[in-house]
Amino acid sequence: MKILLYNPDNGVTRNFMPHLWMFLLRSLTPPGHEVVLIDGNAQPMDEAGIARYVREEGIELVGIGAMTRMIAKAYRMADAVRAVGVKVVMGGPHVTELADEALGRDGGTRHADAVALGEADETWPRIVEDAVRGTLKDVYAPVDDFGQERKPSLQTYPEIPWDKIDLGQFNVLPRFLQPLLKRVGGGWGTFRIIPVESGRGCPYGCEFCTVTGFFGDSIRFRSNESVVNELLRLKARAREEGGQIAVFFIDDNFAINVKRTKSLLRDIIAANAQVHWVAQISANLLRDEELVDLIAASGGKWIFIGMESIDPANLADVKKGFNKPGEYAVVLDRLAQRNVFAITSFIFGMDNDTPGVAERTLKEIRTWPPGLPIFGLMTPLPATPLYKRLEAAGRLTRPKHWQEFIPFAMAHTPLKMSIEEAHAEVRIGWASSYSPEAIEKAVESMRHKPLGYRINILISRLCFRGIYFPQMGRFAWLKAIVENRRTIFRLVREGFAGGLLAATPSIGAPVVAERRN
Ligand code: B12
Ligand code: SF4
C-alpha cells in the first residue's frame, strides 16, 4: 500500500524543523508498504493540490497529524482527500482530545475515517493492517488486552534512518547561498535542525499545558545508547554532505529526571556524539551546577525556559508555582557563564496581569544576559484544566477558537485587563525586544565574547523576530537586514579583519523562528 503522511502548514511561518511523528510512524510501518512524507510548511499544498497528488501518486491511505492551531487546515485537507475516495486517519494532540469533532459525531462534518488517540507507536501498525484489509475502525486507542491505557515504552525505540532519509525540504539555509557556504569553515552547505526525543512525559501539570494529559505523568526514557547512536548517525550525515546539524531535544522537560539527564549527557560526551543542541528545561531544574556544566560540555547552546510570568500570583494561578521569578536571573547567569543562552517564554493575559505587564517584564529582562525572549497570550487549548476552568466560569469568548485560528488573539477575557489591552502588551514585548536598537544592544553586550557568539545572537534574533513580525518572503527579510545594517556591517567588518568563520568555532545553532502563541 502507498501511504502519505501529511502535516499541514501553520499558515504563518515556514518550518525550520521536520515533525518527528511522521518519521517515527514511517519507521514503525510494517514492511511491504511505501510511505511518503509531506510537511506543508516545507512543501506548501492546498486542497486541490493534495487531491491531485493523492490521485496521481496512487496513494491509498493518508495519515494527517496536527496541533490545535493547524486543525482547521488539517480538516480541509482531509475533506479533499476523502472526496477523491481515499481513506484518512488523523492523529496528534487535537484529535485525541476532540475525536468526536474529527469523526463528525458532534453534529459537524466528518473529516476522518479513523482517529488514533494518544501515542500511536503501537496502534499505527494495526491501523495500516486494518486499512489493507478494508476494516478500519473509527477509533484506535492505546490500550492493552484488558482495555487499560498503555503508554508505549521507549526502551525499544525504532531506528530513524536520518543518515539515509531525503531531507531536501529541510535545509534552513537559502538555496542561492548553499554552494558558497559549502566551502566555508567546516562546511555550511546545509544546516538542518533535527528533532530527537530522549523521553516523554512531564508530571508537573501546568494548567494551560496539554502535555501531562496527553503523555501522562509516567515518564519514560529511551536508552542512552539509542540516543547516542542517533546523534552519531546525524553527525556522520552532516559530515558527508558538507553541512551542519543541530538537534532539538523535543522532550517537554529534558531534565525532568536530573540523574538520568546527567548520565545521558556524560554518555554523549564519552562517545564524542556532541552536536549543538537546544532543549526545553524548566528553570527549577537548572539550579544544579553539575547539570549545567554537562549541558555546556555536551553541545547544549540554547535552553527554552517557560518562565511564563514574573508575578508569583500568576504562576500560582496556573499551577506553575515551582517557577520562582526571584531566581530567574541567577539561572540565566549560570547558563551564560558557560556560553549557553536561553529562549525565555512569557505569557501575557494571565488573570493577575494588568496593563503595563510588558514593560514590567521587559525591565527584568534587560537585567539578564542576552537571550531570545518570546511573548504569547494565555490560550485555552482543548481538554486542558485551563480550558475547563474558563468554560465553567463562562469566560470563553471563542470556545472553538481553532475553527477560525487567528495568531496572537485571545479566546477568553482576562480578569484585570481587556482582550485588546493584552494584545497590546504582547506587541510591546515583541517590538521592544526585536527593534534594531534592542538587537544591537544584545549583540554589543557580548563584546567580550568571541565573534561567533555575537553572530549567533544576531542571526537568532533576526529569525525569532519573524515569530511575531511576518517575515516569510525575501522582501521582508531584506527589510529586516536593512534595518539592522549597522550591527550586521560591524560584525562583517570584524569578521573579515579576523578571518571570519575560522574565528568562530563556537557558533551555535541559530534557531530559526516559528510563530508561537
Ligand atoms: C517540537 C514541538 C514544537 C515545535 C514544532 C515544530 C516541529 N517541527 O516539531 C515548535 C518548537 C516550533 C513548536 C511550536 C509550537 N507548539 Co509545540 N510542541 C512541540 C513538542 C515539544 C514536541 C512535538 C513532538 O515531536 N512530540 C513527539 C511526537 C512523537 O509526539 P506527537 O507529535 O504527539 O506524535 C505522536 C502522537 O500524537 C501520534 N500522532 C501524531 N500525529 C499523528 C498522525 C497520525 C496519522 C497518527 C496515526 C498518529 C499521530 O503519534 C505520535 C507517536 O506516538 C510538543 C509536546 C510533545 N511532547 O509532543 C509541543 C506541542 C505539540 N506544541 C504545542 C503548542 C501549543 C505549540 C505552539 C502553539 C506554542 C506553544 N505555546 O507551545 C507553537 C506553534 C507552532 C506553529 N508555528 O505552528 C502543544 C500543542 C497542543 C495542541 N493541542 O495543539 C504541545 C502538545 C505542547 C503543549 N504545551 O501543550 N512546538
Ligand atoms: S513544565 Fe512544561 S511540559 Fe511540564 S506541564 Fe508545565 S508547561 Fe507542560
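We count ligands from 1, going down the list as the structure has it; atoms in each ligand are counted the same way.
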Taking [atom] as the point of reference, which of [options] owns the nearest heavy atom?
{"atom": "atom 87 (C) of ligand 1", "options": "Thr123, Val211, Leu25, Ile467", "result": "Val211"}
{"atom": "atom 38 (C) of ligand 1", "options": "Gly118, Ala383, Ala116", "result": "Gly118"}
{"atom": "atom 30 (O) of ligand 1", "options": "Phe405, Phe215, Phe208, Phe304", "result": "Phe215"}
{"atom": "atom 43 (C) of ligand 1", "options": "Tyr387, Phe249, Phe23, Trp21", "result": "Trp21"}
{"atom": "atom 80 (C) of ligand 1", "options": "Met67, Glu97, Arg200, Met378", "result": "Met67"}
{"atom": "atom 8 (N) of ligand 1", "options": "Met17, Arg69, Gln280, Glu119", "result": "Met17"}

So which bit of [X] gets within less than 4.0 Å of ligand 1, heavy atoms only: side chain, backbone, both or neither?
{"X": "Leu5", "answer": "neither"}
{"X": "Thr210", "answer": "both"}
{"X": "Ala120", "answer": "both"}
{"X": "Ile250", "answer": "both"}
{"X": "Pro18", "answer": "backbone"}

* Mind checking whether Tyr204 and Phe322 have parallel, tilted or perpendicular rings, split at 30° and 60°? ->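 Tyr204 vs Phe322 ring planes: tilted.
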
* According to the interplanar angle, ranging from 0 to 90°, do the rings of Tyr387 and Trp402 count as parallel (below 30°), tilted (30 to 60°) or perpendicular (above 60°)? ->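 Ring orientation of Tyr387 relative to Trp402: tilted.
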
* Considering only heavy atoms, does Cys209 approach ligand 2 within less than 4.0 Å through its side chain, its backbone, both, or neither? ->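 Just the side chain.
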
Using a 4.0 Å cut-off to any heavy atom of [X], which atoms of ligand 1 qualify?
{"X": "His19", "value": "6 (C), 7 (C), 8 (N), 9 (O)"}
{"X": "Leu381", "value": "65 (C), 81 (C)"}
{"X": "Phe214", "value": "33 (O), 36 (C), 37 (O)"}
{"X": "Gly65", "value": "41 (N), 42 (C), 43 (C)"}
{"X": "Gly63", "value": "45 (C)"}
{"X": "Thr68", "value": "82 (C), 83 (N), 84 (O)"}
{"X": "Met70", "value": "78 (O)"}

* Asked: Taking the six-membered ring of Tyr434 as reference, does the NZ or CZ atom of Arg461 fall below 6.0 Å from its centre and within a 45° cone about the axis?
  ->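 Yes, a cation-pi geometry holds between Arg461 and Tyr434.
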
* Asked: Could a heavy atom of Gly306 be found less than 4.0 Å from some atom of ligand 2?
  ->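 Contact check Gly306 vs ligand 2: negative.
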
* To do: Decide whether the shortest distance between a heavy atom of Gln280 and an atom of ligand 2 is less than 4.0 Å.
  =>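 Under 4.0 Å: no for Gln280.
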
* Do Tyr328 and Asn323 meet the criterion of a side-chain donor-acceptor pair at a distance under 3.5 Å? ->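 Side-chain D/A pair, Tyr328 to Asn323: present.
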
Do any N/O atoms on [X] end up under 3.5 angstrom from N/O atoms on ligand 1?
{"X": "Asp252", "answer": "yes"}
{"X": "Leu20", "answer": "no"}
{"X": "Glu197", "answer": "no"}

[X] versus [Y], closest heavy-atom pair with distance:
{"X": "Val95", "Y": "Ala102", "answer": "CG1-CB, 3.8 Å"}
{"X": "Asn284", "Y": "Glu327", "answer": "CA-OE2, 3.9 Å"}
{"X": "Ala141", "Y": "Thr123", "answer": "O-CG2, 3.6 Å"}
{"X": "Arg237", "Y": "Ile165", "answer": "NH1-O, 2.5 Å"}
{"X": "Leu20", "Y": "Tyr157", "answer": "CD2-OH, 4.0 Å"}

Considering only non-hydrogen protein atoms, determine which one is nearest to [atom] and report residue, atom name and distance to 0.1 Å.
{"atom": "atom 4 (Fe) of ligand 2", "answer": "Cys202 SG, 2.3 Å"}
{"atom": "atom 2 (Fe) of ligand 2", "answer": "Lys320 NZ, 4.1 Å"}
{"atom": "atom 3 (S) of ligand 2", "answer": "Asp252 CB, 3.6 Å"}

* Asked: For ligand 1, is there an atom lying under 4.0 Å from some heavy atom of Cys209?
  ->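 Heavy atoms of Cys209 do come under 4.0 Å of ligand 1.
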
Got a second to check how far [X]'s [atom1] is from [Y]'s [atom2], nearest 0.5 Å?
{"X": "Thr68", "Y": "Lys400", "atom1": "OG1", "atom2": "NZ", "answer": "12.5 Å"}
{"X": "Phe215", "Y": "Thr210", "atom1": "CZ", "atom2": "OG1", "answer": "8.0 Å"}
{"X": "Glu207", "Y": "Leu386", "atom1": "CD", "atom2": "CG", "answer": "4.5 Å"}
{"X": "Thr379", "Y": "Met410", "atom1": "OG1", "atom2": "CE", "answer": "7.0 Å"}
{"X": "Trp302", "Y": "Ile295", "atom1": "CH2", "atom2": "CD1", "answer": "14.0 Å"}

* Specify whether an N/O/S atom of Cys206 falls short of 2.8 Å from atom 4 (Fe) of ligand 2. =>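 For Cys206, the answer is no, given that no N, O or S atom comes within less than 2.8 Å of atom 4 (Fe) of ligand 2.
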
* Can you list the atoms of ligand 2 that are under 4.0 Å from a heavy atom of Gly205? ->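 Contacts of ligand 2 toward Gly205, numbered from 1: 5 (S).
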
* Asked: Would a line drawn from the ring center of Phe23 to the ring center of Trp162 be shorter than 6.0 Å?
  ->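 Judged by ring-centre distance (under 6.0 Å), Phe23 and Trp162 do meet the cut-off.
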
* Salt bridge flag under 4.0 Å for residues Glu197 and Arg220 ->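 Salt bridge between Glu197 and Arg220, a charged N being under 4.0 Å from a carboxylate O: no.
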
* **Trp368 and Phe341: CA distance, side-chain angles, deciding distance, ring pair (Phe, Tyr, Trp, His ring centres under 6.0 Å) verdict** => CA-CA 10 Å; Trp368 297 342; Phe341 296 92; over 10 Å; no

